[in-house]
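The block underneath contains the structure these notes are about, expressed in structure tokens.
Throughout, residue positions are numbered sequentially from 1 according to the sequence presented. As the structure lists them, so they are numbered: ligands from 1, and atoms in each ligand from 1.
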Amino acid sequence: MAVVGHGVGVFPREIIPAAAIARRVAELGSEIDTRLPPGPLTVVGVLRGAFMFMADLVRAIPRELTCDFLGVRSYGDATVSSGVVEITSDLAAPIAGRRVLLVEDIVDTGLTLKYLVDVLQARGPAAVHVCALMAKPSYKASGGPLLDFVGFDAPDAFVVGYGMDAAQVYRNLPYLAALDPAETKV
Ligand code: IMP
Ligand code: MG
């Protein structure tokens, strides 16, 4: 499904305003700090979609932590999961013995998350926890087995903004927005 209409009268519909994101991210930071055992964390953001969420989230976690990033390509420029995950840029530091918090933007089928958790687990961390800003209804319905922390339920639509893109556009929207099906073309 290719996204069409950028800049020609089609604009994503705001679903979660910036102030609501800020409130929820602050709550998530406290929840993470309360629920995870004490000690340092390695927070791993999945690039590029999670960069904005990660920047806000780490400021809301009041404990010693380091930040690292995994570059991943799963969708290309389409809006349906290819099921193929490619690591385009690896972590800067080893995670053996570390408590890791993986930070994702949005979970749809869960294929990307499964792959990334497996990759991290294979490196011998003390633990891998997962926080996603949003989860789609289908993943929640499956029990959402890999998610420890979730910011919001996602609508059954393609979500953009607050770091997330459609064909690389819209990442700079300060709020979360939906591209309605009428605005995408199969
Ligand atoms: P999954 O593997 O089907 O769970 O897809 C997850 C990956 O696709 C995530 O890394 C997301 O970045 C991206 N993705 C899935 N749904 C959306 C969406 O609605 N908007 C933006 N990116 C999405
Ligand atoms: Mg992603």
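- Residue-ligand proximity, V159 to ligand 1, at heavy-atom distances under 4.0 Å covers atoms 18 (C), 19 (O), 20 (N), 21 (C).
- Residue E104 approaches ligand 1 through these ligand atoms, each under 4.0 Å from one of its heavy atoms: 9 (C), 10 (O).
- Atoms OH and CD, on Y115 and E86 in that order, are 9.0 Å from each other to the nearest 0.5 Å.
- Ligand 1 places these atoms under 4.0 Å from at least one heavy atom of A157: 19 (O).
- The shortest N/O to N/O separation between D108 and ligand 1 falls below 3.5 Å.
- C131 SG to L102 CG: the interatomic distance, rounded to the nearest 0.5 Å, is 9.5 Å.
- Residue D105 places a heavy atom less than 4.0 Å from ligand 1.
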Test log, rule salt bridge (charged side-chain N to carboxylate O under 4.0 Å, His left out), inputs R98 and D68: CA-CA 12 Å; R98 301 276 305 180; D68 210 337; over 6 Å; no
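- Each of the atoms 16 (N), 17 (C), 18 (C), 19 (O) of ligand 1 lies under 4.0 Å from some heavy atom of K136.
- Taking only nitrogen or oxygen atoms, main chain and side chain alike, G110 reaches within less than 3.5 Å of ligand 1.
- At least one donor-acceptor pair closer than 3.5 Å links the side chain of R35 to the backbone N or O of D148.
- Put simply, CG on L173 and CD on E14 are 9.0 Å apart, with the number rounded to the nearest 0.5 Å.
- Both the backbone and the side chain of L111 come within contact range of ligand 1, each with a heavy atom under 4.0 Å.
- Heavy atoms of A154 found under 4.0 angstrom from ligand 1: none, in either backbone or side chain.
- Below 30°, between 30° and 60°, or above 60°: for Y170 and F11 the angle between ring planes is above 60°, a perpendicular geometry.
- The distance from the CD1 atom of I15 to the CG atom of D153 is 10.5 Å, given to the nearest 0.5 Å.
- The ligand atoms of ligand 1 that sit less than 4.0 angstrom from a heavy atom of T109 are 1 (P), 2 (O), 3 (O), 4 (O).
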